[in-house]
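Lettering follows sequence order; numbering is per chain, from 1.
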There are 2 protein chains.
Amino acid sequence: MSKKSNLPQPTDAELEILQILWEAGPSTVRFINEKLNEQQEKEIGYTTTLKLMQIMTEKKLLSRNTESRTHVYLAEAVQGDTQKALLKKFVDAAFQGSATSLVMQALGNHQTSQEELDEIKALIEKIEKG
Amino acid sequence: MSKKSNLPQPTDAELEILQILWEAGPSTVRFINEKLNEQQEKEIGYTTTLKLMQIMTEKKLLSRNTESRTHVYLAEAVQGDTQKALLKKFVDAAFQGSATSLVMQALGNHQTSQEELDEIKALIEKIEKG
DNA sequence: TTGCATTTACGAAACTTTTCGTATATCATT
DNA sequence: AATGATATACGAAAAGTTTCGTAAATGCAA
């Protein structure tokens, strides 16, 4: 049983920040801003990142510890739940709700390693056994 | 070998229009607008749909036959190519590029029928042989 | 042919998301 | 205490997307 907090869905820019927080754990604005600028060619200003993270905190996507001068931010949105919600929206919008079409497309396009295929096959078996 | 036309990616509202055109084939603004309003609770004005389709035509996502007074619009963006491009962007943004994670999530959440599972298994076998 | 309904054209308003300028506070160093 | 570097707060500009009001053109019916 997972509690459903029903957070708003993150925008694209917000999602990039969440990805970093999910991977790195609690972080400062400076750290996130540097990570973002490693990933992209276009330089993002520090205050831009700050503002986004403040907005995300208002939306409860993040929380922060303000004890020290340098605030430390924490992802409140759970990765799996967020992905699930985004995926549903995406399947509806781009594949008219057919998750299978999406899976076929995803498997077809990418080259997938044998290990990954095995993972997927295992999951399918598990589903078949019910 | 498929020609790459490299069209801009459609916005959400544009994608809804494309979905209808992909399914129904060449259509008028009135028809699209009615379909949209069947699908949604919120009423969308006729000129709103018209404007969007005009913009999409400028972007080459659509083309139109203007011979008769009532223009007939045609999807230029190919469904499979568009889905592929959108999927790549989505996998990167939400699953950090891991198509396998996305597939696992998609299979895990939705209940998938035995037929669909069989389809997927067949595709996996094909990939493994290929 | 006059008038009504329907269509397209055009521009701009309304919203949403992203970006940043500027002000102010805090900390460390001298 | 003064200086410089770094932090947060706030508001608003900039950019992107969606919506629609209004005007002008076209076709149809009386």
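One can place CG of A:Asn65 at 15 Å from C1' of D:dA7, the figure rounded to the nearest angstrom. Taking atom CG of residue B:Asn37 and atom C1' of nucleotide D:dC20, one finds them 14 Å apart after rounding to whole Å. Look at CD on B:Glu43: it is 18 Å from P on D:dT18, rounded to the nearest Å.
With values rounded to the nearest 0.5 angstrom, A:Met104 atom CE is found 12.5 Å from B:Gln83 atom CD. Note that OG1 of B:Thr11 and CG of B:Leu18 are 9.0 Å apart. Values are rounded to the nearest 0.5 Å.
Sorted by first then second residue, the side chain to side chain donor-acceptor pair (under 3.5 Å) pairs that include residues 51-61 of chain A, not counting sequence neighbours, are A:Glu14-A:Lys59.
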| message | For A:Gln114 and A:Asp118: C-alpha separation, side-chain torsions, deciding distance, then whether side-chain hydrogen bond (donor to acceptor under 3.5 Å, both in side chains) applies. | response | CA-CA 6 Å; A:Gln114 187 58 53; A:Asp118 287 343; 3.0 Å; yes

| Can you give one letter per nucleotide of nucleotides 4-9 of chain C, going 5' to 3': B for a protein heavy atom under 4.0 Å from the base, S for sugar-phosphate only, - for none? | --BSBB

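For the pair A:Thr48 and C:dT18, the criterion of a side-chain N or O lying under 4.0 Å from OP1 or OP2 is not met.
For the pair A:Ala93 and B:Leu15, the tightest heavy-atom approach, listed with the atom from each and the gap, is O-CD2, 3.3 Å.
With hydrogens and angles ignored, a donor-acceptor pair closer than 3.5 Å exists between the side chain of A:Lys51 and the base of D:dG11.
Not one N or O on the side chain of A:Trp22 forms a donor-acceptor pair closer than 3.5 Å with the backbone of A:Val78.
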